Amino acid sequence: MKRLFLVLFLVIGFAVNGQAYPDRPISMIVPYNAGGSLDSMTRIVVEFMKQELDVPILINNRPGASGTIGAEAFLKAKDDGYTVLVFPTSSFITPVFQGRKAINTDEFKPVGGFIKSERILFGRTDAPYKTFQELISYARENPGKLKFGSGGSTDTAYVFKYILQKENLDINVTLFNGGAPAAAAIMGKHVDLIEGGNGSPGDVAAMAGKLIPLTILSDGKLSKYPDLKTPLDLGYEYASSVMFGFFLHASAPAEAAQALEKTLKKVLQNEKLLEKFAGRGVTPQFFTGDELQNSIEAGKKVAKLYEIIGE
Amino acid sequence: MTELLSNVMLGMDLLLQWEVLFAAAGGVVAGLMMGAVPGLSDIIAICLMVPFTFYLNPIAGIAMLMGLSKGANFGGAIPAILFNIPGTPQAVITAFDGYPLTKQGKAGKALKVALFASCIADGISDLILIFLAAPVAMAAIMIGPAEHASVVIFALVLISITSETGPVIGLASMLFGLLLSSVGADPLSGAPRLAFGSDELSSGINIVPMALGFFVVSEIIWQICLDKKKEAERVKLQLLEDQIDPSIEQKSKKNHSLSFSEFKRCIPAIGRGTLIGSSIGALPGIGTTVGAYLSYVATKKASKHPEDFGKGSIEGIAAAEAGNNACNGPNLIPLITLGIPGNLAAALILGAFTMQGLTPGPMFMEQQAPLLYALFIVLFFSNFFTLFFGILYTKLIRKMVSLPKNYIYSAVLVFALIGTYIVHNNTFELYFTLIFSVIGLLCRKGKIPMIPLLIAYILGSSLELKIRQTLDLHAYDFSVFLTKPISCVFLSFSVVVIVYTIYKKLKSKATATE
């Protein structure tokens with residue numbers, strides 16, 4: 001009887017302290033290729049979280065179908081809080097732009113974000129326009145002359161198309177399969193405008209004075225380009241939003257989400273972690289589960305542009 | 001020039017992590033061993049190793065593949081010289097003179113000539129790469145979507161039309177490859193097509209399972225089928241081996257060593273081979289076998305003893321090996337500056353680059369210079385590894401090549417399937433490997449060239465992407481491909497190549513009927 005009480009006491013004690021989680025290895029699904037940028041950034045954060053949580057975290061790369069395969073593999077796993085998904089919020093809406101079934105975001109519980117990426121519109125230094133307003137008036141006077149290439153972000157390309165529609169401009173739009181080909185195209189004067197992420201090759205060129213940043217196309221400001229406004233500030237209702245974060249099943253235990261969020265917040269203040277991110281062009285930062293949810297909602301709003309503008 | 005120097009210095013820093021050097025050396029050794037086994041070409045070696053390199057850091061992974069390619073390239077010459085069984089397709093030319101020397105009991109001499117010629121030519125070609133990559137990359141920025149599409153078309157036409165089974169089947173094989181490449185995601189929007197509602201197919205057929213099934217598994221099955229027929233031949237080979245080993249080997253050491261005057265005689269052949277091989281290597285799609293062949297023919301024409309060629313001329317071996325190994329360095333120029341692979345080995349390395357999150361192209365050279373120069377330096381130093389391990393290895397070689405094939409085949413099969421699985425931890429891709437091994441077998445049975453199919457498969461989605469980008473940017477006006485000068489030049493080249501091939505075919509038919 002004494003022993004039973006002791007056991008009960010221990011169980012309750014652990015539950016109250018929230019120390020029961022994690023008591024065994026955590027599996028983390030990364031829906032992109034090993035060695036890619038999301039994968040390598042995740043691995044840095046995970047390395048520090050491992051030490052903090054004192055359990056192994058096993059990374060499982062499940063790439064394919066723009067992240068959908070990984071997300072589905074995650075949903076099929078047990079909802080006990082020991083399977084975590086790493087996902088960029090923009091990937092929830094990618095299937096919509098591909099004419100596929102949207103991912104049901106209600107099945108995911110946002111735990112916390114670690115990177116927010118901004119998308120920037122860049123122009124050439126030899127162009128007659130140096131600001132966003134000048135670009136708009138130049139494009140209005142020269143319909144069909146300008147060429148725009150997206151650096152791989154479909155949702156941002158739709159935000160740009162929306163601006164064109166609203167301002168009634170005629171600019172040729174295409175998509176490049178990543179920031180590097182887009183940057184090469186604008187440096188070689190094959191296009192006039194590109195859209196690229198913070199830290200992408202286009203951004204690196206802009207910081208070296210080889211391209212001009214014209215405006216931000218996502219929903220956050222950037223301290224290195226203080227003059228640039230977001231589309232929301234400029235009066236357009238849509239802005240893309242990309243945040244990399246951790247997710248659990250919606251039905252996962254709350255203590256697991258809290259423990260992970262707390263650990264993520266702690267490791268993102270670690271100087272050594274920040275050092276490892278130096279030179280990657282992006283700075284990791286802690287975002288709460290609610291902020292991660294807001295990024296999803298902003299993305300879902302942009303997804304409506306697929307209906308408004310069409311392919 | 002100072003920029004080049006500082007980049008080389010930065011590259012050195014990255015390189016001097018022992019992991020990278022170790023990976024390159026390991027690649028060379030593995031390449032030597034696999035290249036030396038008949039039936040396991042450099043391509044198979046790369047296919048097998050690509051999945052494992054993802055567990056290394058990007059430089060080490062790529063360095064390993066490049067070491068592998070170098071090792072296998074020389075390794076292929078070993079059985080070509082010893083048994084007249086080329087380990088790799090390009091070693092066929094080496095066998096012309098290598099095997100006669102073996103019959104004369106001078107195998108050691110032949111192997112040494114091959115080794116020195118390979119390493120010298122390869123080393124010089126790597127220096128050409130180091131000095132030319134940056135200027136070419138600067139020029140490569142002129143290649144926009146329209147020009148890119150035309151260069152790819154030119155490369156595909158060249159690869160298909162020069163295939164050994166004739167231009168028509170070559171082109172058909174290439175078109176089938178293009179068709180396969182359109183399965184999966186639409187390269188522009190990412191929307192799934194020809195995916196039959198399957199999420200796994202919606203991102204396309206991955207290159208690793210495809211290449212492993214198509215080339216490696218089918219090759220193993222093919223070899224097993226062939227082996228029954230070859231039983232008799234193998235017995236003969238065994239006899240020959242016994243015949244050479246004890247009797248002649250002890251007779252005179254001189255026959256196996258290479259004197260300085262002999263080496264001096266080979267220098268012009270090596271120089272010519274390096275020049276020809278490097279030029280061929282820089283063009284997309286022609287390949288190392290052509291480099292070896294042209295170099296051999298040119299050396300034969302220039303030689304004072306053309307009558308010795310084919311009967312055991314060391315100059316012939318030097319020319320062939322220099323010609324094929326000199327393709328290695330410049331082959332990477334179109335790969336790194338444009339993202340267009342020059343041959344199959346480069347195409348597989350391109351796959352490895354992209355899976356490591358690195359995108360070759362004009363910006364790659366500008367923004368990843370230290371990383372690239374680290375690779376280039378590894379390439380250059382790998383030649384010393386090849387030289388060192390090559391000398392050791394040729395001493396052990398006879399035992400290795402006569403290793404029972406059932407062990408080799410089953411080991412390769414196991415590694416091919418493990419390799420398929422570990423890239424994405426996805427059992428679905430094992431089915432791809434099996435399906436493509438059947439397609440590969442059908443190709444072998446029907447004598448359909450496999451290289452145009454695979455290269456077209458690899459380049460297909462980028463070709464479509466570039467064409468559609470061009471049209472998007474020019475309001476769907478097709479004439480842009482002809483009004484842009486660089487694009488027009490490459491399209492005209494493609495037409496000229498096709499017309500010339502047809503003309504030559506008709507002419508040879510006409511003379512045949514006369």
Side-chain angles (χ1 to χ4, degrees), chain A residues 29 32-40 60-73 94-95 97-100 144 146-150 152 154 157 170-192 200-202 204-205 208 210 311, chain B residues 53-58 61 140-148 184-192 195 198-204 206 338-339 352 354-364 366-368 422-426 428 461-462 465-466 468-475 484:
Chain A
I29 294 181
Y32 294 96
N33 277 319
S37 82
L38 175 60
D39 177 75
S40 56
N60 187 359
N61 293 94
R62 296 297 299 270
S66 318
T68 310
I69 294 206
E72 254 152 36
T94 309
F97 292 111
Q98 300 175 345
R100 290 192 284 142
L146 290 179
K147 304 184 189 85
F148 165 86
S150 157
T154 320
D170 179 12
I171 294 181
N172 295 304
V173 174
T174 195
L175 268 169
F176 287 94
N177 52 342
I186 194 170
M187 299 303 283
K189 304 187 181 177
H190 304 287
V191 294
D192 305 285
S200 70
V204 174
K210 291 175 186 170
E311 281 179 66
Chain B
T53 57
F54 298 135
Y55 293 86
L56 299 168
N57 76 44
I141 238 162
M142 298 190 311
I143 307 285
E147 292 83 359
H148 194 122
D186 173 326
L188 212 60
S189 71
S198 134
D199 259 348
E200 269 92 356
L201 263 180
S202 71
S203 49
N206 199 286
L338 290 173
T354 44
M355 296 187 94
Q356 293 272 19
L358 304 168
T359 321
M363 296 309 282
F364 190 41
E366 196 177 313
Q367 298 185 345
Q368 301 271 19
I422 64 171
V423 178
H424 294 147
N425 298 336
N426 191 343
F428 189 81
S461 63
S462 89
L465 182 70
K466 297 295 168 188
R468 286 174 56 190
Q469 281 171 351
T470 310
L471 294 175
D472 266 352
L473 293 174
H474 295 90
K484 292 205 171 226

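Note that this is a predicted model, so its numbers are computed, not measured. Within every chain, numbering begins at 1; the chains are lettered A, B, ... in the order of the sequence lines, protein sequences first and strands thereafter.
Under the 3.5 Å distance criterion, the side-chain polar atoms of B/Gln469 are matched with a main-chain donor or acceptor of A/Leu175.
Between B/Leu188 and A/Thr174, the closest side-chain pair of non-hydrogen atoms falls below 4.5 Å. The closest side-chain heavy-atom distance from B/Pro145 to A/Phe176 is below 4.5 Å.
Expressed to the nearest 0.5 Å, how far OG1 of B/Thr470 lies from NE2 of A/His190 amounts to 10.0 Å. With values rounded to the nearest 0.5 angstrom, A/Asn172 atom CG is found 8.0 Å from B/His474 atom NE2. For the atom pair B/Leu473 CG and A/Leu146 CG, the distance stands at 11.0 Å (nearest 0.5 Å).
Summarising the geometry of A/Gln98 relative to B/Pro192, their closest heavy-atom pair is O-CD, 3.8 Å, with the distance given to 0.1 Å.
There is no contact between B/Leu471 and chain A, counting heavy-atom distances below 4.5 Å.
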